[in-house]
Each structure stands twice: as structure tokens, then as C-alpha cells.
Colleague: 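One structure follows; several queries about it will come next.
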Amino acid sequence: MTEQIKTDVLVIGSGIAGLYFALHIADHAQVTIITKKESSTSNTNWAQGGIAATIDKNDSPDLHVRDTLDAGAGLCSREMVELMVSEGPRHIHKLMDFGVNFTMTDDEHLDLGREGGHSRKRIVHVRDLTGQEVEHALLERIDRHPNIELLEHHFAIELLTEHHLHIKTNDINCYGAYALDTRNRKLKKILSKVTMLASGGLGHVYPHTTNPDIATGDGVAMAYRAGAEISNMEFIQFHPTSLYHPKAKSFLISEAVRGFGGILRLRNGQAFMQKYDKRENLAPRDIVARAIDSEMKKTGDECVFLDVTHLDAEKTIQHFPNIYETCLGFGIDMTKEMIPVVPAAHYSCGGIRTDESGCSSINRLYACGETSCTGVHGANRLASNSLLEALVFSYRSFVDIKSVLHDLHNNQPFPDWDDSGTVNPEEWILVSHNKKEAQQVMNDYVGIVRSDLRLQRALRRIEFLKEETEAYYKKTRITSQILELRNIIKVASLIIESAIKRRESRGLHYTTDYPQKDDKHFLRDTVLRSF
């Protein structure tokens, strides 16, 4: 038996995009938030660097726009970038009103940092725990809001559209989602007037990632299966500097460490970024990641090193207390010895294609945050623009939804989830093995450097894993592990298909077969749709 829940607005995900949106729309509607783990488990919570905003008198919106367009390698939407940059600062002040205590200077001004790709200091931060502090402040307000119900350990399975009513139409509407309470395996049908997908990233499509375990691309996979347009999935940002240690689970060493004065070196202490870009250690992430990858291939070393030992130790600890303590826990005193680092999957610049209000190509379905593709990141995200994008476009979604919500209903007679003929999960080794194999395929063939041969090999292997997994899924009662595996494989196939379509090198997509940009044929988004 499937339990039915009716709500005005369903929010899937509990990162900054979903929570910020929910807090605003909840003043006008009943809101249900579902999150597949605890509410504070999100990419937002792991975000160390900060939020980029044009606040300093020595900065300007034009400079921020220019830096963003430059990093995006020609694929950014200038209109969307200008919206984000111009509207960003007021949301910083809104977060301060919500109780976020950003780090201040001695004279009580915002302490602005600088990161790779930025021409000015404009990173608003809370030491090196910005995401965690923002998440905490938003969750406190969520908990107190009478119009918000937050359901933890609820995994969204599929979006509710006309196809579940066996109605064939190209004008698709979303009426909520089927969900699984993973604590008791209870199935739920959540009917909503509007659905906001804010389910975060997809880092666990790869074996090495800076993302939390929940980042398995669920929103993109569900939206694609429902018929939404998906854009630019080939552009996967690899963070250049995750901690290289067998027990560190790719702990992120913030880009702000390089902005603070950190220098990338080989094991012998030799600096190398000057060979790759005039900005050296402050070059954009795609350039730094490829440089590290190149040096590792030349030397055969498994990592390079980030050196801050030449900087004032007390100030280093003051600016990066969490990174300092974490490294110390692994036996590395970053004030006295170099930090071993390696690139790891970090951020997806592609996702569910949306307009300036977060609307997807499916009616009543909105998307914000990393699961969306607004056009602001282009082929490579500028550091610390992600939280800014989440704030600006989730608020714009709220404004749009508020204006139409009273005309919508959620009374479609959707059937209960049909799991007849399925059996309890067996052969867990298949789920575990297929996940590891899919991740390894992506690591080996669809990583920082690609080629036609690698991509075709990846496609064949992922297609086989998809067929095997789908057969298992259809005969087995659903669990979170099966759902995540299915989504990982779907997202992997979307990344590969998009990469095959882009026969050039641009931003985060670099292929040895087409090493140059081709503005004549590929100065456009890659768009995929299931039907």
C-alpha cells in the first residue's frame, strides 16, 4: 500500500538551493521537503570556499561578469550571468539577516577572499566552513517555520507525470513524485502543485570525488526519464586539489588556499604552474586540473603537493582551521610540510536545462542548484559562483511560482507504486560490483583527458551495465542502493553521450582527438532528451 501525501510545493533536496527556496515560498504555501539522508547532508554543507559577490569598492559587476565569461570558455549565457552577478549581493545580506555570521575584518567589513579565475577579492566566507554555516542557519529557520515539513531518509524514485497515467503527450506536466522511506521501506506518493528539484550533484559517478555520498545525480536521472531537456553534461569539473590520503575520502583542500598564496609543487619541490598559464596558481580549475594530470603522467607520481609552508603559520591556521585540523588528523602539519593533493570529481556544470526563473522544459517542474543548468557556468564554473547561482535562481523560482500557484491543482488520480511480482533484494554483490565498475569506467575513460576511443569504450561498458541493472531493478523490490546505482549509470551514459557529441576541446571537456576549440560548429549547448 502506498501512502499519499498532498502538498502545495514539493522540494527534493536540502542544500542551499532547496532550503533558500523553501523558506521564501513557505510564506505563501504548504511545503514538503524530502531528503534522502539527514537534512544537513549536502554538497552545500561540504562547500569550504565561499560565495562570490561584487561588494568591494575596488570591484565591479562588469569585472565579475568578465571573469565568469572568461572561465566559461564562450558557453556562458551573458544574460544569465548578468542576472546572477547583479542580484547576488542582496542575497548575501539576506543570509546575514537569516543569521549567517560571515567572517569580518577588524573594522567590521566583510572579509573578502580571492580564488582562481577571479580578478578581484570578492569571496564572502565563514572561515573555511562557509557551506556548513549557511546550511545550519537555513535549517534552523526551516525547523521553526509552521508551513514546512521536512522528511529525512526519503528517496525520490520517479517524478509523477502524465506517463504514469498512460497519457501520451509532448506537453508534460509534473505533479509530484513517488518516494521511498528508506528506514522502513514504505512507499509514498507525494502530490504537489509544483515540484522543485534541488537534489545536488553527481560526483559519485566517479570513484574519487569531493562530494558527500548522496551525490549520485538523482535529480538529473529522474528528470531525463520524465522527458526533461538535459544540457552540457560533458562539462564535469575536477577540483584540482583534494587531499591524497588513503583514509581521507578525497577531502577538499579549498581553492582559497591557493588564493591565500599556496603554490603547487612536484615531490622535489619544483613549482610547475608557470609552464601552463600566466596566472600560475590562480588559473581556473580546468587549467590547473589538466596541469596536475599532465605532471602526474610525466613523473609517474600518484599526486602533487600544495605548499603553504612559506606563509605565516598563525594566519594560515586562522584562515583555514578546518583544513588544518583535518590534515593534522592524517599526520600532515600544513604549516610545516606540503599537502599531497590529487584532482577529484567536484562539480557538474550541466544538468536540467532551465530558464531565468528555474523552469525546466516540463511544466510545473523547476530545478535549482547543481542539478540545474542555467547557463551561468558555461564550459567551466568560476570558483564560488555555485552557491551564488543557487541563491539567485532559487529566489527567482520563488517569485515565478508565487505568481501562478493559486491557479494550479494537485488532484490527478495517480496509481500507487506497482511493485507486484518483485522479490526482496538478492545478489547484493551485483549492485556493489556494478557501481564500482561504472565508477571505474568513468575514471578511466571519461576523466580529465578524453578521446574518441576512450569514450566509445566507456559507452559500450556502461550500456551493458545499464541493461543488467535495469533487468535486476524490474524484478527486485526497491532499495536506496538499487535506486542510486540506476541513477549513477543513467547519468554516466548522459555524460558520455554529451562528450561524444562535442568534437572539440572547450573548458572542462578536453579530448586528444580535437584539442582545439571550434566556435564555428560547437559554440552551443549540448542538449539531450529521452523523447
Colleague: Can you list everything that forms a salt bridge (charged side-chain N to carboxylate O under 4.0 Å, His left out) with Glu389? Sequence neighbours excluded, please.
Modeller: none
Colleague: Between Glu470 and Lys474, is the closest basic N to carboxylate O distance under 4.0 Å?
Modeller: no
Colleague: Does the pair Lys189/Glu3 count as a salt bridge with the N-to-O cut at 4.0 Å?
Modeller: no
Colleague: Just say parallel, tilted or perpendicular for the rings of Phe398 and His24, cut-offs at 30° and 60°.
Modeller: tilted
Colleague: Hey, what do you get for NZ (Lys36) to CD (Glu484), rounding to the nearest 0.5 Å?
Modeller: 3.5 Å
Colleague: Any Lys/Arg nitrogen of Arg225 or Glu158 sitting under 4.0 Å from an Asp/Glu carboxylate oxygen of the other?
Modeller: yes
Colleague: With Asp67 as reference, evaluate Lys121, Arg120, Arg122 under the salt bridge (Lys or Arg N to Asp or Glu O under 4.0 Å) test and give the passing residue.
Modeller: Arg122
Colleague: Quick check: closest heavy atoms across His64 and Ala53, and the distance to 0.1 Å?
Modeller: CE1-N, 4.2 Å
Colleague: Determine whether the side chains of Asp27 and His145 contain a donor N or O and an acceptor N or O closer than 3.5 Å.
Modeller: yes
Colleague: Could you tell me how the ring of Phe414 sits relative to the ring of Tyr175: parallel (under 30°), tilted (30 to 60°) or perpendicular (over 60°)?
Modeller: tilted
Colleague: Examine distances only and state if a side-chain atom of Asp419 and a backbone atom of Thr422 form a donor-acceptor pair shorter than 3.5 Å.
Modeller: no
Colleague: Should Glu152 and Arg183 count as an ion pair when the cut-off is N to O under 4.0 Å?
Modeller: no
Colleague: Are the aromatic rings of Phe330 and Phe251 close, with centres under 6.0 Å apart?
Modeller: no
